[in-house]
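One structure is given here, and the rest of the page talks about it.
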Amino acid sequence: MSNLDYKALSDYWSKKWKDDGIYSTDVTRDKKKLFLLVEFPYPSGEGLHVGHVRSYTAMDVIARKKRREGYEVLFPMGYDAFGLPAENYAIKTGIHPSITTRKNIDNFERQMMDCGFSFDWERKFETTDPEYYKWTQWIFLKMYEKGLAYKKEMPVNWCPKDKCVLANEEVVDGACERCGTTVEKKNKEQWMLAITKYAERLDKDLDDTAYLEKIKTQQRNWIGLSEGSEIDFKIKSEDASFESSFTIFTTRADTLFGCTYCVLAPEQPLVMELLSNNVITNSSEVTEYKDNARLKTDIDRSAEGKEKTGVKLEGVVAINPANNEEVPVFIADYVLPQYGTGAIMAVPAHDERDYEFAKQYNLTIKKAIFVDDQVFIDLVNNKPYCGEGKVFEEGVFYGLTSEVARKKITEAVGGKIVIKSKLRDWVFARQRYWGEPIPVVYDKDGTMYPVAESELPIVLPMVDKYEPTDNGESPLAIISDWVNVKGRIDSTGHFTTDDNGEVFRRETDTMPQWAGSSWYFMRYIDPRNNQALGDKDLLAKWLPVDWYNGGMEHTTLHLLYSRFWYKFLFDIGIVPTSEPYYKRTSQGMILGAGGVKMSKSLGNVVNPDKIITEYGADVLRVYEMFIGPFDQSVAWDDKAIVGVSRFMDKVEKCAGKVVVNTPSLPIIHQTIVKVSRDIDSTAFNTAISSLMICVNEFEKKDKIAKGDFEMFLKILAPFAPFITEELWKNLGYTTSIHTSGWPLPDESLMIESEVTYAFQVAGKLRGTFITPKDLEEEAVIELLKTLDIYKKYIENAEPKKIIFVKNRLVNIVL
RNA sequence: GCCGGAGUGGCGGAAUGGUAGACGCGCGCGACUCAAAAUCGCGUAUCACAAGGUGUGUGGGUUCAAGUCCCACCUCCGGCACCA
């Protein structure tokens with residue numbers, strides 16, 4: 001066991017580093033900048049998770065190395081402190097969320113200090129600070145000004161337990177992401193952010209980033225761009241007394257000739273129009289189906305899976321613009337109102353879903369495409385042919401490939417090529433207390449006005465009750481001296497408070513938790529600025545973030561949302577680039593023993609405090625870096641920690657063998673090369689492995705050169721900041737190891753004088769032999785021929801071919 | 001169904017096309033000890049007494065040489081999913 005008192009070590013050095021400010025960033029300094037970011041935590045009552053430690057240690061290692069390579073590194077930390085758990089806790093206990101949050105933050109901070117992360121704590125802030133959310137509200141106002149924030153009556157996802165509206169992204173398999181309650185549909189007037197306006201850029205601009213490929217792919221899938229055609233269909237009553245039209249969206253305009261019916265989403269406005277014009281002869285049936293669809297939750301609607309339902313609109317027909325054929329029109333809930341135009345042309349011969357529906361309702365199936373006999377074969381086999389082909393219809397399009405036909409046919413029928421996205425606008429409001437107030441007011445007629453910038457921040461008032469009201473309004477709604485505010489509307493249409501003015505009513509919805517985290521990284525650059533969200537020159541200098549590491553679970557929500565906000569801020573001239581993060585990486589999850597998810601119910605959650613108490617923070621850090629490939633999920637293994645603990649003990653022991661006058665070993669120079677390269681490529685596990693190999697070599701020696709050991713400590717320091725600092729001090733240094741230069745290997749000392757060759761016969765390994773390094777082929781073969789292994793396998797046979805790879809192998813083909 | 005990622009000892013995992021299993025855990029034997037723990041040393045893919053053979057999910061292929069490259073599959077994990 002070690003002689004070191006880890007607790008005392010960590011307390012001493014944490015304080016010293018803080019006092020000396022060795023990790024603080026001078027953002028104005030004229031040095032090469034590097035902005036490294038990790039996701040700031042939500043300060044839950046559970047405290048720091050070993051998953052946080054994995055992510056934070058990894059970037060801490062990078063930060064420590066880069067500082068010592070001469071970069072001005074910005075590596076900050078803060079807290080994403082608004083959110084439901086604190087509020088739900090308040091409902092249960094009556095304790096104000098700010099109190100719970102404060103307590104949790106203090107605990108998180110203590111834990112992060114214990115871990116020795118080299119954050120610049122001077123830049124810390126919380127999203128719940130009014131000086132911070134002032135700027136969250138300010139961004140909202142700017143979005144409102146540009147028409148990107150708007151209110152809309154719409155069916156929203158409603159969690160009956162949390163009494164709260166959820167974003168689509170927060171609904172997982174039809175249930176509330178947080179509490180698992182089945183989500184209901186409810187019509188509400190909602191604040192929305194028009195993220196869909198940025199869909200194309202959010203996809204395209206990924207090209208300019210260095211995100212991990214899987215992160216790009218996941219974002220692209222989520223955004224779901226597809227290029228297709230919008231084509232108008234006429235619709236009329238059978239007696240031609242009524243005429244109208246609708247637009248369909250299709251990616252397969254090449255199959256337009258195979259359209260044998262059309263389908264509208266039940267929610268399509270045209271359906272209402274047809275009903276109110278009394279042109280549908282089975283209106284009661286249609287109305288019933290429509291009402292049913294509206295009540296269904298998304299999960300009911302899709303859970304029916306393969307069974308498709310729909311109702312024919314009797315009394316009307318649509319006209320296929322390609323051939324002027326009359327086709328029937330249906331409403332069916334397999335057509336989604338929010339995607340495309342909420343209306344489709346159905347081509348059962350070439351689309352799975354249309355085919356299935358056509359079979360069910362006995363509709364005509366007409367082929368529009370051929371590929372040799374494939375289409376025929378498929379249709380006989382009871383399945384549609386959904387691939388590409390050539391146009392089958394006689395006439396000007398005959399024989400055109402799908403790709404060409406899509407354009408030509410779209411053109412011919414007066415349609416247009418468009419790009420659609422699966423993305424929906426972001427529901428940007430919660431009827432809850434613990435969030436940023438939305439900075440708008442309403443007059444007595446209900447007309448809405450944004451507040452003037454000078455009014456910001458709109459501070460969240462203290463309340464006594466946190467329970468949302470039964471009609472789903474925020475508890476803020478009953479704080480009358482906050483909700484009702486006297487003021488006037490200025491010449492620009494903005495509200496300012498004025499005791500002599502009229503009474504207005506504040507918006508009582510608050511922003512979702514994603515708001516504060518959508519721009520937090522920018523604030524670190526200039527965290528105390530009260531004139532702007534950040535000094536323009538400093539933002540220009542420090543943005544974008546060079547490297548952002550975080551969890552895969554944030555790929556489609558936080559990452560997308562923050563990219564959207566950032567692009568908006570770019571458009572209004574606040575930030576210098578259109579992408580916020582240059583590089584994005586993601587650590588794998590840490591699972592419990594046996595590879596199952598850590599959870600309280602399974603009782604397999606590892607508390608970092610416990611590990612630190614038992615082994616010290618250095619061991620925890622090194623273990624988490626050694627545990628497995630950084631980007632892969634790994635199972636926690638209590639037993640394996642002792643290996644790391646032994647390693648640290650060996651390092652300490654080696655310190656006792658340090659002498660001045662003994663030659664440098666090649667291994668240390670090789671290790672410097674390996675560790676440097678591995679840190680840069682996030683191969684932390686192999687970096688630790690090579691450090692272990694190096695110590696094992698040291699151990700075998702009676703004496704270790706002081707220079708060698710110093711270099712060793714220097715490259716171990718990013719991983720194990722406490723012990724290395726202590727041993728460094730013991731070597732007689734008075735300045736921190738963490739401010740020392742990153743060591744460079746001595747190439748001339750790095751090279752071993754001998755190499756081991758593999759000896760192969762016809763590709764099979766038959767032995768090894770040792771030669772001086774860098775011998776030429778002739779000399780090596782010469783030497784080989786004198787050896788027993790050569791005589792044994794080759795004897796007097798004449799080699800057909802000799803493969804020689806210098807310093808590696810000789811392969812003799814007979 | 002679509003899109004990603006991964007399959008290597010008892011386990012976590014290493015391997016610019018060039019000695020597969022580094023490093024660590026575990027296990028076995030030994031040293032130290034009255035004893036145990038800790039520590040140190042040696043060993044540890046597999047079949048075989050041995051010579052030698054076989055081995056990186058499966059089947060093919062390219063190559064002097066394949067865990068690595070190519071083709072066809074299988075399994076597991078993650079994401080998306082009636083997206084027209």
Side-chain angles (χ1 to χ4, degrees), chain A residues 1 173 212-222 224-226 228-229 248-253 255 263 265 298 301-308 332-336 338-347 350-354 356-357 386 420-424 552-553 555-556 588-589 594-595 623 626-629 631-644 646-647 649-650 653 683 685-696 699 756-769 799-814:
Chain A
M1 276 301 274
D173 291 334
L212 290 186
E213 212 46 52
K214 64 174 171 180
I215 295 174
K216 285 191 190 183
T217 308
Q218 210 163 305
Q219 285 229 344
R220 288 208 158 103
N221 286 347
W222 189 264
L225 291 188
S226 62
S229 312
I248 61 100
F249 175 70
T250 179
T251 55
R252 293 301 302 272
T255 64
V263 187
D298 281 353
R301 208 160 150 164
S302 57
E304 288 173 27
K306 299 288 163 236
E307 276 290 289
K308 290 197 170 27
D333 62 10
Y334 82 88
V335 172
L336 306 172
Q338 68 277 18
Y339 183 76
T341 56
I344 63 159
M345 66 164 187
V347 185
H350 306 297
D351 182 276
E352 300 262 3
R353 298 148 300 181
D354 298 344
E356 200 187 309
F357 190 80
C386 304
K420 295 285 180 191
S421 165
K422 293 199 293 191
L423 216 54
R424 302 183 207 172
M552 273 314 278
E553 70 275 20
T555 304
T556 48
M589 270 199 298
Y623 171 68
F626 184 60
I627 190 167
D631 59 346
Q632 276 173 42
S633 295
V634 284
W636 187 270
D637 182 357
D638 265 322
K639 281 193 211 144
I641 300 174
V642 303
V644 172
R646 284 174 194 155
F647 164 61
D649 289 347
K650 285 183 200 174
K653 252 186 249 174
N685 55 331
T686 52
I688 301 297
S689 160
S690 50
L691 287 163
M692 285 173 168
I693 293 169
C694 186
V695 151
N696 290 347
E699 249 205 327
T756 306
Y757 270 86
F759 170 56
Q760 295 183 340
V761 178
K764 273 189 190 300
L765 181 72
R766 294 299 179 189
T768 59
F769 61 99
K800 224 186 258 171
K801 196 172 175 185
I802 297 176
I803 313 287
F804 176 78
V805 184
K806 199 172 188 177
N807 295 329
R808 300 218 71 132
L809 66 77
V810 177
N811 182 12
I812 294 180
V813 188
L814 293 175

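Regarding contacts with the backbone of B:rG5, every side-chain N or O of A:K214 stays at 4.0 angstrom or more from both OP1 and OP2. Between A:T217 and B:rG79 there is no side-chain polar atom (N or O) within less than 4.0 angstrom of OP1 or OP2. At B:rG55, none of the side-chain N or O atoms of A:K764 fall inside 4.0 Å of OP1 or OP2 (strictly under the cut-off).
For the pair A:Q632 CD and B:rC76 P, the computed distance is 18 Å after rounding to whole Å. Atom CG of A:D354 and atom P of B:rC82 are 15 Å apart (whole Å). The distance between atom CG of A:D351 and atom C1' of B:rG1, rounded to the nearest whole Å, is 13 Å. Atom CG of A:D631 and atom C1' of B:rG78 are 13 Å apart (whole Å). Rounded to an integer number of Å, the gap from CD1 of A:I248 to C1' of B:rA84 is 8 Å. B:rC77 atom C1' lies 13 Å from atom CD of A:Q218, rounded to whole Å. Atoms CZ (A:R766) and C1' (B:rA65) sit 14 Å apart, rounded to a whole Å. One interatomic measurement links the two molecules: CG of A:L212 to P of B:rG5, which rounds to 11 Å at whole-angstrom precision.
With a 3.5 Å ceiling on both atom-pair distances, the Watson-Crick or G-U wobble partner of B:rU75 is B:rA6. Across every strand in view, B:rA50 sits unpaired, with no contact that passes the Watson-Crick or G-U test at under 3.5 angstrom. Pair check for B:rC69 finds B:rG61; Watson-Crick or G-U wobble, both atom distances under 3.5 Å. Nucleotide B:rG1 forms a pair with B:rC80, judged by Watson-Crick or G-U wobble geometry with both contacts under 3.5 Å. The partner of B:rU16 cannot be assigned: no Watson-Crick or G-U wobble pair with both contacts below 3.5 Å exists in any strand. Across all strands shown, the partner of B:rG43 is B:rC27, judged by Watson-Crick or G-U wobble contacts whose two distances both fall under 3.5 Å. When Watson-Crick and G-U wobble pairs are counted only if both distances are under 3.5 Å, B:rU33 pairs with no nucleotide at all.
Atom OG1 of residue A:T250 and atom CE of residue A:M345 lie 3.5 Å apart, to the nearest 0.5 angstrom.
A side-chain donor from one of A:D354 and A:Y334 sits under 3.5 Å from a side-chain acceptor of the other.
Aromatic ring orientation, A:Y757 versus A:F804: parallel (interplanar angle below 30°, classes split at 30° and 60°).
To the nearest whole angstrom, the two P atoms, one in B:rC80 and one in B:rC27, are 41 Å apart. Atom P of B:rU19 sits at a distance of 23 Å from the matching atom of B:rG13, rounded to the whole Å. Nucleotides B:rU39 and B:rC70 place their P atoms 46 Å apart, quoted to the nearest Å. Between B:rA14 and B:rC29, the distance separating the two C1' atoms is 27 Å to the nearest Å. For the C1' atoms, the distance linking B:rC74 with B:rG60 amounts to 15 Å, nearest Å. Between the P atoms of B:rA22 and B:rC32, the separation comes to 29 Å (whole Å). The gap from the P atom of B:rA36 to that of B:rU68 amounts to 48 Å, rounded to the nearest Å. Using atom P as the reference point in both B:rU75 and B:rA84, the two lie 28 Å apart (nearest Å).
Not a single donor-acceptor pair, N or O on each side, falls under 3.5 Å between the base of B:rC11 and the side chain of A:K639.
Residue contacts shown for A:E699 are limited to sugar-phosphate atoms, with no base heavy atom under 4.0 Å away.
Using modelled atom types, no side-chain atom of A:Q218 and backbone atom of A:T556 make a donor-acceptor pair closer than 3.5 Å. A donor-acceptor pair under 3.5 Å links the side-chain atoms of A:S690 to the main chain of A:T686, judged by distance alone. The backbone N or O of A:D637 lies less than 3.5 Å from a partner atom in the side chain of A:Y623, making a donor-acceptor pair.
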Query raised in the report: Can you give one letter per nucleotide of nucleotides 17-24 of chain B, going 5' to 3': B for a protein heavy atom under 4.0 Å from the base, S for sugar-phosphate only, - for none?
Result: -BB--BBS
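Using a 4.5 Å heavy-atom threshold, the side chains of A:R220 and A:L225 count as separate. Using a 4.5 Å heavy-atom threshold, the side chains of A:N696 and A:K650 count as touching.
With distances taken from any side-chain atom of A:Y339 to the nucleotides B:rA84, B:rG4, B:rC80, the minimum falls on B:rA84.
The two residues A:I627 and A:A635 come nearest to each other via the heavy atoms CD1-O, 3.9 Å. The shortest heavy-atom contact between A:N811 and A:A762 is OD1-N, 3.3 Å.
For the pair A:I627 and A:K653, both in contact range of RNA chain B, the more 5′-proximal nearest nucleotide belongs to A:I627. Nearest-nucleotide positions on RNA chain B for A:N221 and A:R252 put A:N221 closer to the 5' end.
In B:rG9 the O4'-C1'-N dihedral to the base is within 90° of 0, which defines a syn nucleotide.
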